[in-house]
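Residue numbers run from 1 in the order of the sequence given. Note that the coordinates shown come from a computational prediction; the quantities given were computed from them, not determined experimentally. Order of appearance sets the numbers: ligands from 1, and atoms from 1 within every ligand. Scope of the values below: all heavy atoms of this structure, side chains included, with no hydrogens, waters or symmetry mates.
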Amino acid sequence: MENQSNGGSEKISIVCQKEEKTIRFWQENRIFEKSVEIRPRENEFVFYDGPPFATGLPHYGHILSSVTKDLFPRYQTMRGKRVERRWGWDCHGLPIETLVEKKLGISGKKQIEEKGVRLFNDTARSMVLEYVRQWREMVSRIGRWVEFDNSYKTMDTDYVESVWWVLKELWNKKLIYEGRKVLMYCPRCETPVSNAEVSMDNSYKDVTDETVIIKFKIKPGQNFLDKLKIEKPVYVLAWTTTPWTLPANVALAVGGEIKYAIVESKKGEEFYIVASKLIEKVFANEKVKILSDELTGADLNGLEYEPLYEVQKVKNSGKKAWYITTAEFVSTDEGTGVVHTAVIYGEDDFNLGLSLDLPQVPLLDSSGHYNKDAPKFLQNKFYKEAERDIKKDLEDKGLIYSKQQYTHSYPFCWRCDSPLIYNAISAWFINIQKNKRRIIELNEKINWHPKYLQHGRFLNILDSAPDWNISRNRYWATPLPFFKCEKCGKFKCFGSIEELKKSSCNFSEVYPDEQNVDLHRPYIDELEVICECGGKAKRIPEVIDCWVESSSMPFAQFHYPFENKNKFESKYPGDFIGEYISQTRAWFYYMHVIGSLVFDDISFKNVVTTGVILNEKGEKMSKSKQNFPDPWKMINAYGADALRFYIMGSVVMNADNLSFNERELRETYNKVINTLSNILKFFEIYHTQDVKKFSYSSLTILDKYIVSRLEATLVDVTGSLDDYNSVKACRSIKLFIDDLSTWWLRRSRERFRQPGKDRDIAMMTLGYILKKLSFIVAPITPFIAEELYQKVKSDNDPLSVHLADWPKTDEGLSDKSVEGNMEKVKKIVELGHSLRAANYLKVRQPLSSVSFEKFNQNHEDFEGIILDELNIEKRVEVTKMSVPKETVSDKIKVAIDIKLDDRLKEMGDVREIVRLIQDRRRKSGLKPGQKIVVKYKVSSESMREFMIKFSKEICEQSSLESIEEDPSIEDGYEVSISSGDIKILF
Ligand SMILES: [Zn+2]
Ligand SMILES: [Zn+2]
C-alpha cells in the first residue's frame with residue numbers, strides 16, 4: 001500500500017463516485033460536526049480511541065477498526081447520544097525509533113549517542129506525523145467520522161505530564177519498584193521488550209539451531225566416585241540450545257527425584273551421567289554399557305565439576321560455583337535431564353541463582369557483545385556469531401559429546417526482527433501481584449463482545465500477569481520521572497512540571513522558555529535536583545513503556561488533573577472501545593490495569609474484540625509478499641459501504657479471523673448495496689408526484705407483510721446493535737433486503753405500471769420502507785443510507801440521515817400472523833414449483849388446480865398470491881383432481897393436478913409465443929408498449945390454425961400492431977409448441 005492514495009489511474013466505479021459525492025455533501029454541510037453538536041452534553045456516549053502508531057500506513061486491520069469505531073458511535077448518535085470522537089496518535093517508542101535509525105543511517109545505541117540524542121529525538125518528532133495525510137484519506141473514504149484536526153498526541157508536553165502524574169500516583173501507592181529480572185531483551189535495540197509486545201503480532205518463529213551436548217568433567221577424588229570405584233574420567237552430560245551461554249555457566253541442575261544412570265562409553269575409556277529415561281535418545285548411535293541406573297538427582301547434589309571456562313570474576317566473587325544442584329524445573333522431556341545454568345540468561349536459572357546465591361556475572365554488554373570478563377577469544381564478538389568459536393573451542397578440548405539440529409519456536413524483536421535473548425537486567429516495574437484480586441474482580445463489570453473472552457482469554461491474561469515492566473532503555477518516549485541521588489542513592493518521583501521546577505536547581509537554565517518545555521530527552525537529563533541529604537540527584541536514563549502512555553489516554557488526552565477536571569470525570573469510564581484480539585493482552589489489559597490501580601474502577605464498560613483479516617488463503621497479509629488485494633482497489637470497485645457491510649457482517653466481528661475474499665465482497669455488493677440501489681432506481685422511475693402519507697389501513701396483505709418484516713428487522717437490528725453484535729444486525733438487514741426485492745417488489749411490479757389507487761398504495765409503501773430502511777442501515781452503510789434518505793425525505797426532515805433519530809419500534813406495524821402466513825405462502829409456492837419441475841411442467845404452462853390448506857385469515861389474498869406465483873387457475877380439494885401429484889414438507893401439504901387438456905395446452909402455447917416475442921423486443925431495445933408488426937412462418941397446418949385462432953390474444957399480450965404470416969422467412973427465431981414449430985421475425 002505504499003502508493004496507496006486514491007488518485008491513481010484506477011478505474012473508479014459508479015458506486016465509488018456516488019460515495020465520494022456523499023463525502024463532499026457531508027463535509028460541505030458539516031454533518032459530522034452537527035451530528036455531535038445537536039445532542040446534549042448531559043447525554044454522552046463516551047468512545048475511547050486506541051491511538052494507532054503514526055509511523056505506518058493504514059491497512060485492512062485499520063479499516064476493520066475504523067469501521068468498528070464508526071458503526072457504534074453512529075448508532076448511538078442516532079439514539080440521541082452525544083458521541084465526541086477525537087483522534088489520537090501514539091507517537092513514541094521503538095517503531096518510530098527504528099525508522100529514525102534508518103533515516104539517519106545509523107544502527108544501535110552507540111551510534112545514536114554519537115550522533116546525539118537531541119538530533120535523534122528531533123528527527124523522530126519530525127517524522128512522527130509523516131503519514132497523517134494517507135491516514136486521513138483512508139479514514140475519510142471509508143466513511144469513518146472522527147475529529148482529525150484536534151487530535152491528541154502522546155508526545156505533547158501536556159500528555160507527558162499527565163503520564164507523570166499517574167506514575168506519581170502509583171509511586172505514592174508504593175506500586176512502583178526497581179528490580180532485576182529476567183526479561184526478553186533485544187540486543188540490537190538494547191532494551192527489554194515485553195512478552196505482550198512479542199506475543200501480540202506473533203513474533204515467535206520456528207528456527208533450527210545446532211544444539212550441543214556438553215561434557216562437564218566431575219572433579220576426581222569426591223566421595224561419590226570413590227564409592228563407585230571408577231577410576232576413569234566421569235562426565236555429566238548437559239544439553240543446550242544456546243551454546244553462547246556456556247562461558248557463563250556456573251552450575252548444573254538435576255531433578256532431585258529423577259533417576260540418573262552411569263554409562264560406560266563404547267571404547268570403555270570414560271563414563272557419562274544422564275537421566276536413565278533418556279539413555280536411548282542420547283546414545284542412539286552408540287552401544288553403551290549401563291553401569292548403574294539407580295542414582296537419583298539427590299545423590300549427585302553438591303558434586304563439583306571442572307568449569308568449561310575459568311572466568312576470573314566468578315572465581316573472585318567469593319561465591320561457590322561449578323557444582324551440581326537440584327532444581328524443580330528440571331525434566332526429562334528432552335536433552336539429558338541435566339540443565340546447564342548461567343544464572344543471568346534464563347528465568348529459571350536466575351531464580352535458582354538467587355536462591356543458591358550463585359555468582360551473577362554478565363558476560364555480554366548491552367549490545368550483545370562479549371565483555372572484558374569473558375574469555376579472551378570471545379571479547380567484543382557478537383554473541384550469536386561467537387557460537388561457532390565456542391563450539392570449536394570446546395570440540396578441540398574434547399568437551400562436546402554430540403551436536404544436533406533442533407527446530408523450536410523462538411521469540412524475535414517485534415520491531416527490528418533480531419532474535420531476542422533472555423537477560424537478567426535491572427528494570428522498573430508496576431506491582432500487579434499486590435492488587436491482582438481487585439483487577440480480576442473489576443473485570444466482572446466489563447461487558448465483553450464476544451462474551452466468552454471475559455472468563456476465557458482475558459481472565460487467563462489477568463491470572464498469569466507478571467509485574468509490568470515499564471522501563472525501556474531507549475530515547476524517544478516519555479522519560480521516567482525518577483531521580484536518583486548520587487550521594488545517598490535515594491529515589492524521588494516527580495508528578496508534574498511544577499514539582500520538578502521547585503526541586504530543581506537549574507530548571508531555568510535547561511528551560512529558558514517556560515512556555516515551551518520539552519520533557520523529552522536529552523533536556524530532562526540535564527536537570528539537577530537537590531536531595532534531602534544535600535546530594536545531587538539526576539534522572540535515571542530509562543524511558544517509559546509506550547503502553548503506559550496509550551493506556552493513559554482517558555485522562556492524559558485532557559491533561560488531567562492539571563486541566564479539564566470535570567470533563568475527564570464526566571467521561572470516565574468510557575462506554576465503548578473496540579480493537580483486535582491481540583489488544584486483550586496489550587491495550588485492553590493495560591487500560592484495565594491503570595483504571596483498577598489508579599481509580600479503583602473499570603476504564604471501559606463495553607469492549608468489542610475483533611479478529612484479524614487474513615488473505616484469501618488464510619495467511620497473514622504481508623506487504624512485502626503482496627499476497628492480498630489493495631484495499632483502495634476494493635473500495636474503488638465496490639465502494640466503502642460494501643466493504644463495511646462485508647466486514648461488519650463477518651466472523652471477524654466475533655473475534656474470529658476472516659479470510660478476506662474478493663468474491664464474497666462482490667457478492668455483498670450485489671446482494672446488499674446494488675440491490676438497494678436498484679430498488680431506489682425503480683422508485684425514482686415511478687415517483688412522479690408526491691408520495692401519499694403513509695396509512696396502514698389502506699395496505700394490501702403483501703404491503704402489510706413487508707411493513708411487518710421491516711418492523712421485525714428494526715427490532716432485531718436495535719437489539720443487536722445495543723448488544724454490539726454487528727454480525728446479527730447485518731444478517732437481519734440482508735434478509736430483509738432480499739425479501740423486499742425478490743418478494744415484495746417482484747410481486748408489486750405490475751401494480752406500478754397502471755396509474756391508480758393500487759399504484760399509489762404501492763408507491764406509498766415503498767417510500768415508507770425506503771425511508772425507514774435508510775435509518776436502519778445508516779450506522780453500517782452510511783453512504784447508501786444517505787442516498788436513499790435524500791430521495792425519500794420530506795422538506796421538514798433533517799438535512800442528513802445521520803442527523804435523524806433512530807426509528808422507534810411500533811407494535812402497531814407488526815403483524816406476526818401475516819408474516820407467518822406469508823412464510824407459508826412462500827413454502828407452498830416452493831413446493832408447487834418443485835412438483836412442476838418433477839413433472840416437467842414449465843411455469844409458463846398454466847395448470848388447472850392446486851390443493852393446499854385454507855388460511856385462517858385473509859385466505860383469498862394469500863390464495864391469490866399462490867395461484868399467480870404458480871400459474872394455476874384455482875384451488876380445489878385434492879379429491880377433485882384428475883391426476884394429482886402431492887408433496888409434504890414441514891407439515892405443509894401441496895398437490896397439483898398435472899392433467900393438461902387442450903385448453904390449458906393452448907394457453908401454454910400462447911404464453912410461449914408471447915414470451916419469445918417479449919424476449920426479442922427487449923433484446924432489440926424496443927420500449928415497453930411500442931407497437932410493431934411481427935411476421936411468422938409455420939411448419940404445419942395445425943400450427944396455422946392455432947395462429948389464426950390466437951393472433952388477437954398474442955397481439956394484445958405483447959403490444960403488437962399486427963402479426964402476419966409470411967412463408968418467405970428464411971431466418972428468424974424459432975419455438976416449438978404442442979401444435980408444431982413457428983418462426984418469427986420483425
Ligand atoms: Zn530490536
Ligand atoms: Zn541523597
Side-chain angles (χ1 to χ4, degrees), residues 53 55-56 90 92-113 117 120 124 127 171 178 182-205 207 242 244 345 364-369 382-385 409-423 425 427 469-477 481-494 499-500 502-506 527-547 586 624:
F53 281 122
T55 48
D90 198 348
H92 284 144
L94 275 184
I96 177 81
E97 287 202 23
T98 327
L99 293 179
V100 176
E101 284 183 53
K102 249 183 226 159
K103 175 147 188 181
L104 296 177
I106 55 176
S107 178
K109 284 170 78 172
K110 195 163 156 248
Q111 292 185 357
I112 293 173
E113 287 183 18
V117 175
F120 187 78
M127 288 172 72
W171 182 277
E178 187 192 22
V182 174
L183 301 168
M184 284 196 209
Y185 182 89
C186 176
R188 201 217 65 87
C189 299
E190 296 183 45
T191 183
V193 291
S194 73
N195 199 358
E197 286 165 329
V198 176
S199 334
M200 202 169 158
D201 294 299
N202 193 14
S203 304
Y204 281 87
K205 287 184 212 167
V207 292
T242 53
W244 63 268
Y345 304 112
L364 297 184
D365 67 12
S366 63
S367 66
H369 294 77
F382 188 59
Y383 82 98
K384 199 75 194 159
E385 276 138 32
S409 170
Y410 197 82
F412 284 75
C413 178
W414 63 288
R415 219 39 243 179
C416 75
D417 217 24
S418 306
L420 299 173
I421 59 175
Y422 290 88
N423 196 357
I425 60 162
N469 166 26
I470 55 166
S471 59
R472 296 290 180 271
N473 303 67
R474 296 296 305 185
Y475 305 93
W476 178 243
F482 309 150
F483 283 66
K484 187 179 185 181
C485 175
E486 286 167 352
K487 201 168 146 200
C488 72
K490 230 178 120 183
F491 285 104
K492 211 171 153 58
C493 169
F494 292 92
E499 265 180 49
L500 192 56
K502 266 191 210 144
S503 304
S504 147
C505 51
N506 61 343
L527 283 184
E528 282 176 356
V529 167
I530 304 300
C531 175
E532 285 131 26
C533 79
K536 263 186 199 162
K538 299 213 72 168
R539 200 187 71 82
I540 61 161
E542 288 94 338
V543 296
I544 210 166
D545 170 16
C546 296
W547 292 105
S624 57

Handout entry: Between N469 and S471, a side-chain donor and acceptor under 3.5 Å
Key = yes
Problem - Metal site angle (apex the Zn ion (ligand 1)), SG from C413 and SG from C416, 10 degrees - result: 100°
Exercise for the section: Compute the angle centred on the Zn ion (ligand 1) spanning SG of C189 and SG of C186, and express it rounded to 10 degrees. Expected result: 110°
Practice task
Take the Zn ion (ligand 2) as the vertex and measure to SG of C485 and SG of C488; round to 10°.
Solution key: 110°
Problem - Ion pair E101/R474, N-O distance below 4.0 Å - result: yes
Handout entry: NZ/K384: more than 12 non-hydrogen atoms of other groups inside 6.0 Å
Key = yes
Handout entry: Residues, nucleotides or ligands: over 12 heavy atoms within 6.0 Å of K538 NZ
Key = yes
